[in-house]
2 protein chains.
Amino acid sequence: MNRTIDYYTELAQRGLQPSVQRVRILEFLHANRIHPTAEQIWLRLSPGMPTLSRTTVYNTLKLFAEAGIVQTLVIEEKEMRFDIDTSHHGHFSCDRCGTVFDFTASALSGAVPSELDGFEIRERHLYYKGLCRECRTKERRKG
Amino acid sequence: MNRTIDYYTELAQRGLQPSVQRVRILEFLHANRIHPTAEQIWLRLSPGMPTLSRTTVYNTLKLFAEAGIVQTLVIEEKEMRFDIDTSHHGHFSCDRCGTVFDFTASALSGAVPSELDGFEIRERHLYYKGLCRECRTKERRKG
DNA sequence: TTACAATTCTGTAATCATTCCAAATTGTCA
DNA sequence: TGACAATTTGGAATGATTACAGAATTGTAA
């Protein structure tokens, strides 16, 4: 199975020109389900593509978001994260290590409250914040 | 009823020194339930307090958040919003006019999925995005 | 293949919310 | 009042993201 071809055609099917940069970024998102930031993607790809520009990563991610290939996560202030899994699910962000975890969230698929009658809902997000299991243990050891 | 005194004591009770700046900012948050940004607060208060510094607004809001007086909302990229209502409720952000609406969200009070067993949950947020009623109507008129 | 147009990419400069920091001010309490 | 601590101020720094204009690449048609 040639994954590069897979992503190449995935882009073509969405009407996006499958440039080398776009394929690589899409490939990275599929292979690294860590809800990466643009910077993280750039850091990991640039060693193998020395001319890759940060701007290209940003542009490509915006393009992917508009095409519905990724969903954008605004959990922490400052940096935006990107999730190749566009299905309805919740996100837990650890305040200590920064890792973002997925969890199932039926609430996101349910009915919309009547207070929002007449509203057009385009995105639904459920975010939790706190300490992940590992960091919680570490915190306890310290104090 | 003297509101200034109310907020003065509210701060004192939380162990925060009730400086003029802090009381005014707290007062503003109670009177203007618009989930304002730090900049909005500064813009509205500075005419009456010419020496008020943006930094003070930021510092005070951080202080309030740590004291549990406000909750911080990270809905849009870039700017953070502050909500004096710390009860569990959802937020709808209009992509067009930027207004943030409240809605009741029982999902935020329910059980935590077993995937997060062992996690310490400090915050829960439910965010919807799209077009509010008014902006939806306007969009339709245009085409 | 060649040539031209359109698209994409690149890298630097700008933007803008937020934070840093050191000096000035204000508050507290003996 | 005096002295120390807490708070405020404003200008400089930070850092993610965007703007922009030129360079490179790709697509198309002869």
Side-chain angles (χ1 to χ4, degrees), chain A residues 4 7-9 11-12 14-28 35-67 69-70 72-82 93 98 100, chain B residues 4 7-9 11-12 14-28 35-67 69-70 72-82 93 98 100:
Chain A
T4 300
Y7 302 137
Y8 189 94
T9 54
L11 290 173
R14 303 254 189 181
L16 302 179
Q17 233 178 94
S19 69
V20 178
Q21 290 87 345
R22 291 176 183 172
V23 171
R24 288 285 194 81
I25 291 170
L26 183 58
E27 206 170 20
F28 180 87
H35 318 87
T37 63
E39 180 72 10
Q40 284 178 316
I41 296 171
W42 181 80
L43 283 172
R44 295 277 297 275
L45 290 183
S46 52
M49 310 175 69
T51 71
L52 179 66
S53 166
R54 245 178 270 253
T55 301
T56 298
V57 177
Y58 279 104
N59 289 342
T60 302
L61 290 168
K62 174 175 280 188
L63 194 75
F64 285 3
E66 285 163 358
I69 295 175
V70 299
T72 56
L73 308 182
V74 185
I75 314 182
E76 299 106 358
E77 348 78 85
K78 301 263 172 211
E79 48 188 15
M80 175 171 277
R81 293 176 171 278
F82 298 87
S93 170
V100 175
Chain B
T4 301
Y7 302 137
Y8 189 93
T9 54
L11 289 173
R14 304 253 189 181
L16 303 180
Q17 231 179 91
S19 70
V20 177
Q21 292 85 346
R22 289 176 185 174
V23 171
R24 289 286 194 80
I25 291 169
L26 183 57
E27 207 170 18
F28 180 87
H35 317 89
T37 63
E39 179 72 10
Q40 284 178 316
I41 296 171
W42 182 81
L43 283 173
R44 294 277 298 274
L45 291 183
S46 53
M49 311 176 68
T51 70
L52 179 66
S53 165
R54 244 177 273 253
T55 301
T56 299
V57 177
Y58 279 104
N59 289 343
T60 302
L61 290 168
K62 175 176 279 186
L63 193 75
F64 285 2
E66 285 163 358
I69 295 177
V70 298
T72 56
L73 308 182
V74 185
I75 314 182
E76 297 106 358
E77 350 79 82
K78 301 264 173 206
E79 48 190 15
M80 175 171 278
R81 293 177 170 276
F82 298 88
S93 170
V100 175

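Predicted, not measured: the structure shown is a model, and the values here were computed from it. Within every chain, numbering begins at 1; the chains are lettered A, B, ... in the order of the sequence lines, protein sequences first and strands thereafter.
- Taking the nucleotide of DNA chain C with the nearest heavy atom to each of M49(A) and F82(B), the more 5' of the two is matched to M49(A).
- Bracketed by its first and final contacts, the part of DNA chain C lying under 4.0 Å from non-hydrogen atoms of chain B reaches from dA17(C) to dG27(C) in 5' to 3' order.
- Taking atom NZ of residue K78(A) and atom C1' of nucleotide dT17(D), one finds them 11 Å apart after rounding to whole Å.
- Going from atom CG of L63(B) over to atom C1' of dA6(D) covers 11 Å, rounded to whole Å.
- If you check every strand for non-hydrogen atoms under 4.0 Å, S19(A) touches sugar and phosphate atoms only.
- Of the candidates dT17(D), dG10(D), dA19(D), dG10(D) carries the atom nearest the T55(B) side chain, counting heavy atoms from C-beta on.
- In this view, R81(A) and E76(A) satisfy the side-chain hydrogen bond (donor to acceptor under 3.5 Å, both in side chains) rule, not counting sequence neighbours.
- Residue-to-nucleotide contacts include no donor-acceptor pair under 3.5 Å from the side chain of T51(B) to the base of dG10(D).
- Between R81(A) and V20(A), the one whose closest nucleotide on DNA chain D sits nearer the 5' end is R81(A).
- With sequence neighbours left out, R22(A) forms a side-chain hydrogen bond (donor to acceptor under 3.5 Å, both in side chains) with no residue at all.
- Residues R22(A) and E77(A) both approach DNA chain C. Their nearest nucleotides, taken by heavy-atom distance, put R22(A) toward the 5′ side.
- When each of L45(A), I41(A), L43(A) is paired with V57(A), the side chain to side chain contact (heavy atoms under 4.5 Å, CB included) condition holds for I41(A) and for no other.
- Nearest-nucleotide mapping onto DNA chain D: of P50(B) and M80(A), the residue sitting toward the 5' end is P50(B).
- Distance L11(B) CG to dT7(D) P: 11 Å, rounded to the nearest Å.
- In this structure, the CD atom of Q17(B) is 14 Å from the P atom of dA5(D), given to the nearest Å.
- E76(A) places its CD atom 11 Å from the P atom of dT17(D), with the value rounded to the nearest Å.
- Counting non-hydrogen atoms under 4.0 angstrom, Q21(B) reaches the backbone sugars and phosphates but no base.
- Rounded to a whole Å, the CD atom of E79(B) is 14 Å from the P atom of dT18(D).
- Rounding to the nearest 0.5 angstrom, the gap separating the CE atom in M80(B) from the NZ atom in K78(A) is 9.5 Å.
- Rounding to the nearest 0.5 angstrom, the gap separating the CG atom in L11(A) from the CD1 atom in I69(A) is 5.5 Å.
- To the nearest angstrom, C1' of dG15(D) lies 14 Å from CH2 of W42(A).
- Checked by atom type and distance alone, the side chain of T56(B) never pairs as donor or acceptor with a backbone atom of L52(B) at under 3.5 Å.
- R54(B) has its CZ atom 14 Å from the C1' atom of dA12(D), to the nearest Å.
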